[in-house]
There are 2 protein chains.
Amino acid sequence: MPSAKSNPSEDVPTRILHEATRLFAARGFGGTSLSEISGAVGIRKPSLLYHFPSKEALRRSVLENMLSHWNEVVPRLLRAATSGEDQYDALLRETVSFFTADPDRARLLVREALDRPDEIGALVQRHVRPWAEVVCEHIRKGQARGHIHRDVDPEAYVGQMINLIVSSVATYACIGDVAPRGVSADEMRRRHILELCRVAKSSLFISSAAAERSRGVGEPKPASRTTTT
Amino acid sequence: MPSAKSNPSEDVPTRILHEATRLFAARGFGGTSLSEISGAVGIRKPSLLYHFPSKEALRRSVLENMLSHWNEVVPRLLRAATSGEDQYDALLRETVSFFTADPDRARLLVREALDRPDEIGALVQRHVRPWAEVVCEHIRKGQARGHIHRDVDPEAYVGQMINLIVSSVATYACIGDVAPRGVSADEMRRRHILELCRVAKSSLFISSAAAERSRGVGEPKPASRTTTT
DNA sequence: CCTACCGATCGGTAGG
DNA sequence: CCTACCGATCGGTAGG
């Protein structure tokens, strides 16, 4: 009996695409051989090359497949991208969820950004800039209305938040994990994502800081010292 | 005359190390051949293998070389890591400078984190966690004294900021560059780093938001609220 | 530091 | 979807 390693309920091209995505994300495009991929699917290398004419074609298909998933969630993202802190929280969580749902998406994106910066740069310009511009417009509106920090640089802010989300999922539990010994990896992942959302909101909304300060108990409020108002 | 491509004033092992660093950062460890490296140095492959017994040994030397540069700046970092917003700004800028001074450091770190997460995880635990813990302690002190947001998760916050710095240098001008057409790459890089520092501080210090609000227009606010220690 | 060479593996093709 | 095979290149060695 031949040992088919991947889900046999899917058709062969789909299984190739899935295994290639997994292996490209884990070892990189150059670090993965066609034999490894075909082996994971349970077929021989020439059979793989029947479905995808070259390794390069397979790479492109993997990227296109990820992009099609991204295009599925963009409408949800745009619906959440109205001004207001709660809607922004929803937008953040939707975006984080896209990558946590399959961390290979984040790893693949970072790898490709390092290997082929021009190609990924163009891809970002086409597929995320239009959506980022909507968010930037909401930020500018919020600044005019006084509930978003006036020194936010909208384009740079949105870029850094995208960068933060992608990279924290991609290199999670490695770069940036400075947790004390007692904390489990899952617990730390939860805390990292919570903190990511807090940082994103706290550095954007004025109301967030104000609400928090007004909540402040437990801390000996320096009411006697810096009082006033 | 043989065409030595790298700086001939350095000795050969050093030139090998530099070229290997550059190529590993640009194409990854698996994506770089020993012939490419030796060619960039201006020698033949077997000569390279005289100085470094294997490709794996060369990889480790490249990493160790980067670590030794890191260890050089750590004292400066610790000196800057006292409480207070200005000192924190200096700490951020020192850390950013370490990576912008040679962006290959950031690219190499991200690549290794993707290729060998366990190895880089252990490395981070040894070389950045002790320093991160100092920062965390300052954050907790600041929270007790009321000038740092109480809902900051110190370990997660520090981890995310490290992540943000490294990844924004590594994949700069690619992921996260959603700039409008008219802006030059250099100008956008400056804005990204400025915004990174703003986000880091604004999401940490209460005084930052207060000071900014006092600058604001169209916002009713507590007039003078200067927190000094 | 070099030339010459090793077995293994790479992406890809022929032909069925 | 397979077996058989291609030239090129890989990391590494022998020997000087």
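Shown here is A:Arg44, whose CZ atom has no more than 12 heavy atoms of other residues, nucleotides or ligands within 6.0 Å.
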Handout entry: Secondary-structure string, 5' to 3', Watson-Crick or G-U under 3.5 Å, | for another-strand partners, for DNA chain D
Key = ||||||||||||||||
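Side-chain atoms of A:Tyr157 come within 3.5 Å of backbone atoms of A:Ala200 as a donor-acceptor pair (strictly under, hydrogens ignored). Judged purely by atom type and a 3.5 angstrom limit, A:Lys55 uses its side chain to pair as donor or acceptor with the backbone of A:Thr32.
Using a 4.0 Å cut-off between charged nitrogen and carboxylate oxygen, B:Arg60 and B:Glu119 do not count as a salt-bridge pair. Between A:Arg111 and B:Asp115 there is a salt bridge, since at least one side-chain N of the basic residue sits less than 4.0 Å from a carboxylate O of the acidic one. Salt bridge present: B:Arg129 and B:Glu133 bring a charged side-chain N and a carboxylate O closer than 4.0 Å. With respect to B:Glu155 and B:Arg140, a salt bridge is recorded, a charged nitrogen being found less than 4.0 Å from a carboxylate O. Ion pairing between B:Glu10 and B:Arg15 fails under the 4.0 Å rule for side-chain N and carboxylate O. Using a 4.0 Å cut-off between charged side-chain N and carboxylate O, A:Glu137 and A:Lys141 make no salt bridge.
Using a 4.0 Å heavy-atom distance criterion, B:Ser33 is classed as a sugar-phosphate-only contact.
Sorted by first and then second residue, the ring-ring contact (aromatic ring centres under 6.0 Å, His included) pairs involving residues 73-92 of chain B (not counting sequence neighbours) are B:Tyr88-B:Phe205. Pairs passing the ring-ring contact (aromatic ring centres under 6.0 Å, His included) check and including a residue from residues 36-63 of chain A, sequence neighbours excluded, do not occur.
Among B:Leu48, B:Leu63, B:Leu49, the single residue meeting the side-chain contact (heavy atoms from CB on, under 4.5 Å) criterion with B:Leu58 is B:Leu48.
Listed by residue number, the members of residues 49-63 of chain B with any heavy atom below 4.0 angstrom from DNA chain D are B:Leu49, B:Ser54, B:Lys55. Of the residues in residues 23-32 of chain A, not one comes within less than 4.0 Å of DNA chain D through any heavy atom.
Chain B approaches DNA chain C within less than 4.0 angstrom (heavy atoms of the protein), and the contacting nucleotides run 5' to 3' from C:dC1 to C:dA4.
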